[in-house]
Undergrad: 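Here you go, one structure.
Quantities reported herein were computed from a predicted structural model and do not represent experimental measurements.
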Amino acid sequence: MFEIDNEFKNANVPRTIRFTDALFEELSRIASENKISFNLLVLQCCKYALENMHPRKKS
């Protein structure tokens with residue numbers, strides 16, 4: 001289950017990423033409701049996605 005924590009508070013590698021309006025609004029709402037930054041939420045979503053990916057089949 002996805003849970004909010006503060007593991008990424010010291011993230012320091014800047015990158016530019018583009019979101020659709022709908023995804024940005026939903027992520028912003030969730031971050032606000034959980035009283036965390038948008039950036040922290042995105043980092044945690046990425047970590048969760050990587051940890052829960054199905055392994056790739058070898059070709």
Undergrad: Which residue pairs pass the salt bridge (charged side-chain N to carboxylate O under 4.0 Å, His left out) test when at least one of the two sits in residues 30-42, sequence neighbours left out?
TA: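 Sorted result for residues 30-42: R29-E33.
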Undergrad: Report whether I17 and I30 are members of the same hydrophobic cluster (ILVMFWY, side-chain heavy atoms less than 4.5 Å apart, transitive linking).
TA: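 Yes, I17 connects to I30 through the hydrophobic network.
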Undergrad: Could you state the interatomic distance from CG (L27) to OG (S32), rounded to the nearest 0.5 Å?
TA: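 L27 CG to S32 OG: 12.5 Å, rounded to 0.5 Å.
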Undergrad: Name all pairs fulfilling the side-chain hydrogen bond (donor to acceptor under 3.5 Å, both in side chains) condition that reach into residues 15-25, sequence neighbours left out, sorted by first residue then second.
TA: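 For residues 15-25, and leaving out neighbouring residues, there are no side-chain hydrogen bond (donor to acceptor under 3.5 Å, both in side chains) pairs at all.
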Undergrad: Specify the closest pair of heavy atoms between L41 and A31, including all atoms of both residues, with the distance to one decimal.
TA: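 Closest approach of L41 to A31: CD2-N, 3.7 Å.
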Undergrad: Is it true that M53 and V42 fall in one hydrophobic cluster, defined by side-chain heavy atoms closer than 4.5 Å?
TA: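 No, because M53 and V42 fall into different hydrophobic clusters, even though each may have its own neighbours under 4.5 Å.
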Undergrad: Residues in ring pair (Phe, Tyr, Trp, His ring centres under 6.0 Å) with F19, at least two apart?
TA: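 F38.
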